[in-house]
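A quick write-up on the structure given underneath.
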Amino acid sequence: MATIAEALAIAFDHHESGRLAEAEILYGRILDADPHQATALHLLGVLYGQTDRPKLAAALFVGAIGLVPDNPGLRYDLARVRLILEDGEGAVAALRRTLALQPDHAAALFQLALACRGVGRHDESLLTLERLLALQPDSLEARYLADRAVEREGRAFLERGELGLAVARLTRPVAEAVGVPLLSAHAAALYRDGRVEEAARLFRGLLAARPAEALALWNLSLCRLDGRDAAAERLARRARALAPQEAEAHAKLGLALAAQGRRAAAMTAARAALACDPAHAPSLSNLGALTIQIGEDAQALRLADRALRLAPDLGEAQVVRGDALVHLDRPRDAEEAFRGALQVAPQLTVAHWNLAHLLLRLGDYAAGWAEYEWRWRSEALAGQRRPFRQPLWDGTDLAGRTILVHAEQGLGDTIQFIRFLDHVLQAAPARVHLEAHGPLLPLLERNTDPARVTVIPRVPDFPGVSGLPDTDVQIPLMSLAGLFCPSLEAIPARVPYLRPDPRRAAAWSERLAAGPGLRVGLVWAGNPSFHGDAQRSPRLAGLRPVLKVPGVRVFGLQKGPGREDLEGVDLPPSFTDLGPEIADVADTAAIMANLDLVISSCTGPAHLAGALGVPVWVVLPHSPDWRWLMGRDDSPWYPTARLFRQTRSGDWSGPAEAVARALRTLVDGSED
């Protein structure tokens with residue numbers, strides 16, 4: 001008669017050869033002879049598992065473990081059948097014990113990762129995969145599972161706004177494949193949604209964990225294009241030093257340089273990006289945007305079209321295409337381009353911003369004002385976004401309620417849109433608080449009813465809201481147009497709607513009375529921090545022909561930037577510089593009330609003259625601000641305005657000579 005060892009060998013041979021029935025009979029006979037034969041229990045359990053009898057298999061494995069508790073193979077096989085029996089927690093326990101006995105058991109690590117994921121233990125699953133990848137770094141299955149686990153966990157943190165935990169999780173070694181791209185993509189989405197500081201915070205966290213991560217560096221540089229352009233440049237240069245062969249690094253440096261107005265350097269960076277990758281569509285688009293600035297609009301259009309052939313879904317290239325078409329006087333094609341950008345990138349703020357400006361230039365106010373509400377997400381107004389607690393007023397009745405109307409953007413915007421305050425008052429509010437820029441306060445206080453309107457200065461922590469009155473609702477001043485001005489015909493255009501202080505006007509009357517000739521005020525420059533000021537401001541040199549017209553006394557009204565144009569310049573005796581004597585906007589209004597005409601670039605004093613009902617001639621660039629519309633020499637906003645437009649971008653000689661001719665005609669008395 002065979003010994004148990006010999007019987008086991010025969011049974012195992014049957015088992016291995018696929019003669020399972022014979023093997024099962026022999027295992028059974030061995031256990032009849034010795035119920036505590038651990039190997040027979042184990043092997044019969046394996047056979048039961050193979051023949052779809054997992055409960056019996058589990059019972060046998062448990063019996064064998066009772067006899068040989070330190071056998072990792074038994075523990076592993078028990079875990080496998082518990083997984084089949086959908087006993088996830090039991091499988092996890094068995095696999096943990098397996099690994100306690102044999103820490104380098106790769107199959108057990110893989111199964112534990114799966115089992116933990118199945119019972120919702122995602123942290124342990126990912127930690128187990130990290131252990132497995134340390135043993136088998138080339139395991140594609142483990143890598144795939146780790147990547148999916150990282151992505152799942154990372155997205156959960158990001159969706160809950162737990163940015164610190166997200167960065168900590170997604171920058172661990174096992175997360176390299178998906179962690180950095182996932183963080184970068186989420187930050188980029190925040191950036192596109194106008195949540196620039198949140199995006200920057202995420203990139204900073206990523207860099208704290210991975211200081212040499214070029215992707216984070218160049219994207220953080222993009223988040224700094226909101227007035228911190230030098231910081232953006234430093235970040236972009238660090239990224240380029242880390243990845244000089246990457247087109248994207250050169251492209252982001254170009255954006256930082258462009259934001260500082262360093263156009264030539266920005267174009268060099270864009271070309272360097274294209275040298276790295278001639279098919280880098282974003283760099284073609286960026287170069288197109290820069291080319292528009294030097295007046296080569298047709299070339300810019302070709303660059304944008306090339307970018308779109310390479311990347312049809314690149315919304316930014318559609319925007320550049322639209323901008324080029326605007327400058328080429330093809331507004332409807334430009335509108336199509338901007339709308340095309342929004343089809344592929346509905347949250348692309350610059351497309352909404354540019355479409356708004358175009359629609360308003362075309363006089364399509366109903367659609368234009370709606371798009372203009374996107375201004376609060378734009379980089380141009382990043383420094384004016386405010387955390388108001390009060391809801392936005394929707395134009396409904398205000399009886400018994402208070403409202404905060406807050407000025408925005410520049411002084412000219414406030415002067416132009418203060419006309420809509422009457423519509424607010426018609427809604428019968430209990431009180432209106434009008435927050436405005438300091439230089440405008442004396443003028444606005446004089447032109448509002450103190451019984452109904454309280455004029456207040458901008459809060460010191462602007463764009464904060466600390467110290468503002470606790471009103472029921474709030475609205476930005478320019479948003480009133482969206483409520484009350486659906487068409488050109490609806491513009492409240494009666495002037496004057498602002499009036500100077502009579503005492504100041506009388507004092508300036510004495511000051512300006514002496515001497516013969518037409519009294520003309522002159523303004524030649526706007527605020528240089530305004531985007532596009534270089535294009536809209538002719539400077540004093542650009543309006544030099546006006547100073548040569550005989551029979552005219554020219555009074556310089558220029559304040560602040562632009563006054564440097566007077567230094568070292570020979571000026572005719574007919575020119576008087578009043579700038580140093582002007583205390584505030586109320587002073588400027590009082591002076592204008594004593595002038596026959598104001599000649600101004602597109603800046604605040606042009607709006608002030610129009611609001612006062614003073615004749616005003618405005619010189620405009622080839623592609624002017626939306627408020628001057630297209631192809632007109634008059635303005636529905638200001639009945640006393642006359643517009644003189646460039647016919648070629650950057651060339652002020654045309655409008656300057658036209659103004660000088662019109663001025664000579666006025667002096668001769670042939671023009672009213």
Side-chain angles (χ1 to χ4, degrees), residues 147 150-151 154 167 170-173 175-192 196 199-226 228-260 262-291 303-304 306-317 319-320 344-345 348 350 379:
D147 287 350
V150 163
E151 185 173 6
V167 171
L170 294 172
T171 54
R172 287 168 63 172
E176 288 178 357
V178 297
V180 171
L182 180 59
L183 287 168
S184 296
H186 187 78
L190 291 172
Y191 177 84
R192 288 193 300 271
V196 177
R201 190 160 65 250
L202 196 50
F203 283 128
R204 285 197 299 270
L206 178 52
L207 285 168
R210 298 174 65 90
E213 183 55 58
L215 179 65
L217 282 166
W218 68 53
N219 280 307
L220 181 57
S221 77
L222 196 63
C223 295
R224 287 291 164 261
L225 299 180
D226 58 357
R228 287 167 284 182
D229 305 322
E233 181 188 349
R234 287 194 297 273
L235 289 162
R237 288 192 183 280
R238 281 175 57 195
R240 190 181 65 171
L242 288 166
Q245 75 288 352
E246 292 286 346
E248 195 69 25
H250 294 279
K252 291 299 191 294
L253 176 59
L255 290 174
L257 293 166
Q260 298 177 67
R262 295 161 62 187
R263 185 173 57 236
M267 294 179 82
T268 298
R271 292 188 180 107
L274 291 169
C276 293
D277 179 4
H280 192 252
S283 292
L284 288 166
S285 176
N286 295 344
L287 188 57
L290 293 163
T291 303
L303 287 165
R306 278 180 59 194
L308 288 166
R309 284 194 294 273
L310 291 164
D313 291 342
L314 185 61
E316 289 82 357
V319 171
V320 173
V344 297
L348 187 58
V350 67
E379 291 179 17

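Taking 4.5 Å as the limit, every side-chain heavy atom of Met267 sits out of range of all side-chain heavy atoms of Leu257.
By the side chain to side chain donor-acceptor pair (under 3.5 Å) test, Ser283 is found to be paired with His280, residues two or more places apart in sequence or in another chain being considered. Take Ala304 and apply the side-chain contact (heavy atoms from CB on, under 4.5 Å) test, not counting sequence neighbours, and it matches Val320, Arg321. In this view, Arg309 satisfies the salt bridge (charged side-chain N to carboxylate O under 4.0 Å, His left out) rule with no residue, not counting sequence neighbours.
Judged by distance alone, the side chain of Ser285 and the main-chain N or O of Ala281 form no donor-acceptor pair under 3.5 Å. Without hydrogens or angle criteria, His250 side chain to Pro244 main chain gives a donor-acceptor distance under 3.5 Å.
The 12-atom threshold is not exceeded at CZ of Arg306, counting heavy atoms of other residues, nucleotides or ligands nearer than 6.0 Å.
The CG atom of Leu308 sits 11.0 Å away from atom CG of Leu303, with the distance rounded to the nearest 0.5 Å. Separating the CZ atom in Arg271 from the CG atom in Leu287 is a distance of 5.5 Å, to the nearest 0.5 Å.
Taking all atoms of both residues into account, the shortest heavy-atom contact from Ala307 to Leu284 is CB-CB, 3.8 Å.
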Give the intermediate values and the outcome of side chain to side chain contact (heavy atoms under 4.5 Å, CB included) for residues Glu246 and Asp277. CA-CA 8 Å; Glu246 292 286 346; Asp277 179 4; over 6 Å; no

